[in-house]
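Structure, as structure tokens:
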Amino acid sequence: MPAPAGGQAGQTARFTGIVRDFQQRRDRSLGNTDIEEEIWHFRIERYDPSGNRLTPIPVEMTGLSFVGALSNGDHVTVEGKWREGTLRVEEVANLTTNARVRAKSYRRLRIVVAVVVITFFVIIVTIILSSVISMCSSPWPPELS
């Protein structure tokens, strides 16, 4: 399905316009039933310099929570990547309130936790392997002195 305004999947695009049909919902994230994400859907209504209405841009923001507010009628600028005909964004510049609205995904925290868990796992595996190697290299049955 082609993206509006000629956008290709994965292509970055930037639009300015008016928020319409703003909806928010909570949903369980894929792969982890314990975490709920908040999802914001809205369209950006745009006009050309002559005042003719252009194709609306469907936008989606997903995060564990959001910093800032967005409402129908707000004048915004968004930049994101096209995916399945929808512009996926992590931040919105709300020109009406002069605020940045951001999705909080705690991505950095998840990366740090993943690195710590992997490091711990590698240390445990190293200890187990060194123990097995030392047991295999010692004579059996042990010699008594």
Side-chain angles (χ1 to χ4, degrees), residues 1-140:
M1 173 179 188
Q8 300 290 326
Q11 180 181 9
T12 300
R14 180 183 177 100
F15 297 98
T16 299
I18 307 298
V19 173
R20 298 284 184 233
D21 298 326
F22 178 81
Q23 299 173 17
Q24 58 186 3
R25 66 183 170 89
R26 294 197 66 78
D27 200 2
R28 296 202 186 276
S29 64
L30 294 175
N32 190 341
T33 57
D34 294 338
I35 297 176
E36 280 194 352
E37 290 183 315
E38 191 164 338
I39 303 165
W40 288 3
H41 290 275
F42 56 95
R43 290 182 311 152
I44 296 182
E45 195 171 90
R46 312 171 297 137
Y47 297 89
D48 69 13
S50 302
N52 299 314
R53 188 168 187 243
L54 299 172
T55 304
I57 304 299
V59 179
E60 180 178 288
M61 280 180 76
T62 302
L64 297 177
S65 62
F66 291 96
V67 175
L70 201 57
S71 299
N72 281 316
D74 285 347
H75 190 210
V76 298
T77 297
V78 297
E79 185 173 339
K81 291 192 178 192
W82 288 108
R83 186 168 160 214
E84 298 177 5
T86 300
L87 190 66
R88 307 290 168 98
V89 301
E90 293 181 10
E91 183 174 286
V92 174
N94 189 331
L95 305 175
T96 301
T97 62
N98 261 345
R100 294 250 178 236
V101 180
R102 292 186 331 268
K104 292 173 73 176
S105 65
Y106 302 101
R107 187 172 293 139
R108 287 187 186 122
L109 178 62
R110 285 190 271 180
I111 290 170
V112 168
V113 169
V115 168
V116 168
V117 167
I118 290 169
T119 303
F120 181 74
F121 178 75
V122 168
I123 290 170
I124 296 298
V125 168
T126 303
I127 291 170
I128 291 171
L129 284 176
S130 66
S131 296
V132 168
I133 290 170
S134 70
M135 286 173 48
C136 289
S137 63
S138 64
W140 185 258

Quiz item: Sub-3.5 Å donor-acceptor pair from the side chain of D48 to the main-chain atoms of S50, do we have one?
Solution: yes

Self-check item: For Y47, ring pair (Phe, Tyr, Trp, His ring centres under 6.0 Å) partners two or more places apart
Solution: none

Can you see which heavy atom on [X] is nearest to which on [Y], and at what distance?
X: F22; Y: N72; result: N-OD1, 2.9 Å
X: W82; Y: A13; result: NE1-CB, 3.5 Å
X: L95; Y: T77; result: CD1-OG1, 3.5 Å
X: M61; Y: V101; result: CE-O, 3.9 Å
X: A103; Y: G63; result: CB-CA, 4.2 Å
X: A93; Y: R100; result: CB-NH1, 3.1 Å

Using 0.5 Å steps for rounding, measure from the [atom1] atom of [X] to the [atom2] atom of [Y].
X: I57; Y: I44; atom1: CD1; atom2: CD1; value: 7.0 Å
X: Q24; Y: H41; atom1: CD; atom2: NE2; value: 11.0 Å
X: I133; Y: T126; atom1: CD1; atom2: OG1; value: 9.5 Å
X: N98; Y: H75; atom1: CG; atom2: NE2; value: 12.0 Å
X: F66; Y: E90; atom1: CZ; atom2: CD; value: 10.0 Å
X: R20; Y: R43; atom1: CZ; atom2: CZ; value: 8.5 Å

Side chain proximity check, [X] to [Y], heavy atoms < 4.5 angstrom:
X: L64; Y: E37; value: yes
X: F42; Y: V92; value: yes
X: E79; Y: L87; value: no

Quiz prompt | Heavy atoms from other residues, nucleotides or ligands near CZ of R14 exceed 12 (cutoff 6.0 Å) | solution = no

Practice problem: Could you note down all residue pairs passing salt bridge (charged side-chain N to carboxylate O under 4.0 Å, His left out) where residues 53-73 supplies at least one of them, sequence neighbours left out? | Solution: E45-R53, E60-R88

